[in-house]
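Everything below concerns the one structure shown next.
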Amino acid sequence: MLGYSFLAPSLVLFGLFLFYPLIQSVYLSFHITDPRGRVAAYVGLDNFTALLSSDMLWNSLKVTALFTLFTVPTGIILGVISAALTHIRWPGMKLYQFLFSMPLAMSVSTSAVIWTILFHPTLGILNYLLSLGGIAPVQWLTSPSTALVSISLMTVWMNFGFNYIIVLSGLQGIPDDLVESAKIDGAGPIRAFMQIVLPLLSPTLFFLTVISIISAFQAFGQIHLLTKGGPAGATEVFVYSIYKEAFVNYQYGTGSALALVLFVIVLLLTIIQFAVVEKKVHYQ
């Protein structure tokens, strides 16, 4: 009873803000609601069957898959490269480690303001740099062909600090004597990194991959602030479809069904990663 008394505050918070909304979402997914959000009628699986024939579902899945493909590998690769370069014990490396960690301290809204200025079609620094090379200005956020790439670029920058810190922590946990032994045996720095450091870093990279994919499927803030799912649905990721269906169209039943579909997709992706990818992870 003493243990449960210590757990009680956390259990209350989890019950109010996690378990109750989850149960309520399951309940609403089997109903349709009126414009005020009140349950109007029980429809069974009709919300789910309607989603399967909806262009919105498949478009949001395609956009989310592309967004994940653009952001996850790029973010992890940049995190590995930057962490490897600043892991060297040279004077001034602490300053670079601090600077590379800075994006982690930036909120989504602050980052959105910064990147809105960078993406500005006439005053933005990105188009200014392109003009120096004689390249025509790019409509970063208003063109369907570049909007998702622009959001992905911002997201990679936003996640860079987290990726960098996680990979750097993993590198600091690798014994130096293993790398030194490889160098004594004649291995160059690149070969030692590829054949010794990366295999020992695989648990960290596996964790980062799982977390990054889940985070990509939950992306919302930067899309809502910069493009609101546009133009022409080019950046309407899955979570934004849930938001629009529930809080713009006031279709809480369909929105709840979409939320459960997202939960199942993320769960299946995580299970597949643990079943397939984890087999290639080298634990010490």
Side-chain angles (χ1 to χ4, degrees), residues 56 59-83 85-86 92 95-168 208 211-244 247-248:
M56 174 191 64
N59 177 70
S60 61
L61 277 175
K62 182 186 74 173
V63 172
T64 305
L66 289 174
F67 177 76
T68 304
L69 185 63
F70 291 159
T71 58
V72 173
T74 307
I76 293 176
I77 291 172
L78 289 177
V80 171
I81 294 174
S82 57
L85 292 176
T86 57
L95 175 61
Y96 284 103
Q97 291 175 3
F98 170 75
L99 293 175
F100 287 169
S101 304
M102 281 296 291
L104 185 62
M106 305 289 285
S107 66
V108 177
S109 56
T110 304
S111 301
V113 171
I114 294 172
W115 283 89
T116 300
I117 298 173
L118 293 176
F119 287 138
H120 195 279
T122 56
L123 304 177
I125 187 65
L126 295 180
N127 277 342
Y128 171 74
L129 294 175
L130 292 178
S131 67
L132 295 179
I135 302 174
V138 176
Q139 302 299 317
W140 296 99
L141 299 175
T142 56
S143 172
S145 60
T146 58
L148 185 61
V149 176
S150 304
I151 294 293
S152 300
L153 181 63
M154 173 189 170
T155 304
V156 169
W157 179 83
M158 285 174 51
N159 296 336
F160 176 77
F162 176 78
N163 294 345
Y164 172 75
I165 290 175
I166 294 297
V167 176
L168 184 63
L208 195 58
I211 295 298
S212 298
I213 290 177
I214 293 175
S215 176
F217 271 80
Q218 294 177 337
F220 172 78
Q222 61 270 40
I223 293 151
H224 180 59
L225 292 170
L226 290 181
T227 62
K228 298 189 183 303
T235 60
E236 190 172 311
V237 293
F238 212 102
V239 174
Y240 196 84
S241 295
I242 297 173
Y243 163 78
K244 189 172 72 172
F247 302 109
V248 177

Reported [atom1]-to-[atom2] distance for the pair [X] and [Y], which is rounded to 0.5 angstrom:
| X | Y | atom1 | atom2 | value |
| --- | --- | --- | --- | --- |
| I81 | N163 | CD1 | CG | 12.0 Å |
| I211 | I76 | CD1 | CD1 | 10.5 Å |
| S101 | L99 | OG | CG | 8.5 Å |
| L69 | L148 | CG | CG | 10.0 Å |
| L61 | L66 | CG | CG | 11.0 Å |
| S150 | L226 | OG | CG | 9.0 Å |

Looking at every heavy atom in both [X] and [Y], which two are closest together, and how far apart are they?
| X | Y | value |
| --- | --- | --- |
| L225 | S109 | CD1-CA, 3.7 Å |
| P144 | P231 | N-CG, 3.6 Å |
| L130 | A136 | CD1-O, 4.4 Å |
| L141 | A147 | O-CB, 4.0 Å |
| S241 | S60 | OG-CB, 3.3 Å |
| V108 | M158 | CG2-CE, 3.7 Å |

Exercise. Are the ring centres of F238 and F217 closer than 6.0 Å?
Worked result: no
Ignoring hydrogens and angles, tell me if any N or O in the side chain of [X] forms a donor-acceptor pair with the backbone of [Y] under 3.5 Å.
| X | Y | result |
| --- | --- | --- |
| S107 | T110 | yes |
| Q218 | V239 | no |
| N127 | P121 | yes |

For this session: May I have the step-by-step check of side-chain hydrogen bond (donor to acceptor under 3.5 Å, both in side chains) for Q222 and S111, ending in yes or no?
Result: CA-CA 8 Å; Q222 61 270 40; S111 301; over 6 Å; no
Polar contact flag, side-chain donor to acceptor under 3.5 angstrom, [X]-[Y]:
| X | Y | result |
| --- | --- | --- |
| S215 | S212 | no |
| T71 | S152 | no |
| S82 | Y96 | no |

So do [Y] and [X] actually touch side chain to side chain, heavy atoms under 4.5 Å?
| X | Y | answer |
| --- | --- | --- |
| V149 | L153 | no |
| V138 | S143 | no |
| T86 | Y164 | yes |
| K228 | T235 | no |

Problem set entry | Steps toward side-chain contact (heavy atoms from CB on, under 4.5 Å) verdict (H120, I117) | CA-CA 5 Å; H120 195 279; I117 298 173; 5.7 Å; no
Exercise. Do the rings of H224 and Y243 sit parallel, tilted or perpendicular, given the 30° and 60° boundaries?
Worked result: perpendicular
Exercise. Of all residues at least two apart in sequence or in a different chain, which pass the side chain to side chain contact (heavy atoms under 4.5 Å, CB included) check with I166?
Worked result: F162, T204, F207, L208
Exercise. Is atom CZ of F220 surrounded by more than 12 heavy atoms (other residues, nucleotides or ligands) closer than 6.0 Å?
Worked result: yes
For this session: If a pair satisfies ring pair (Phe, Tyr, Trp, His ring centres under 6.0 Å) and one of its residues is in residues 132-152, list it, with sequence neighbours excluded.
Result: F119-W140
Problem set entry | Those residues that, when tested against F70, pass ring pair (Phe, Tyr, Trp, His ring centres under 6.0 Å) (two or more places apart) | none
For this session: Applying side-chain contact (heavy atoms from CB on, under 4.5 Å), run through I114 and M106 and close with a yes or a no.
Result: CA-CA 10 Å; I114 294 172; M106 305 289 285; 3.3 Å; yes
Exercise. Knowing that exactly one of T227, T146, V237 qualifies, which makes a side chain to side chain contact (heavy atoms under 4.5 Å, CB included) with I151?
Worked result: T227
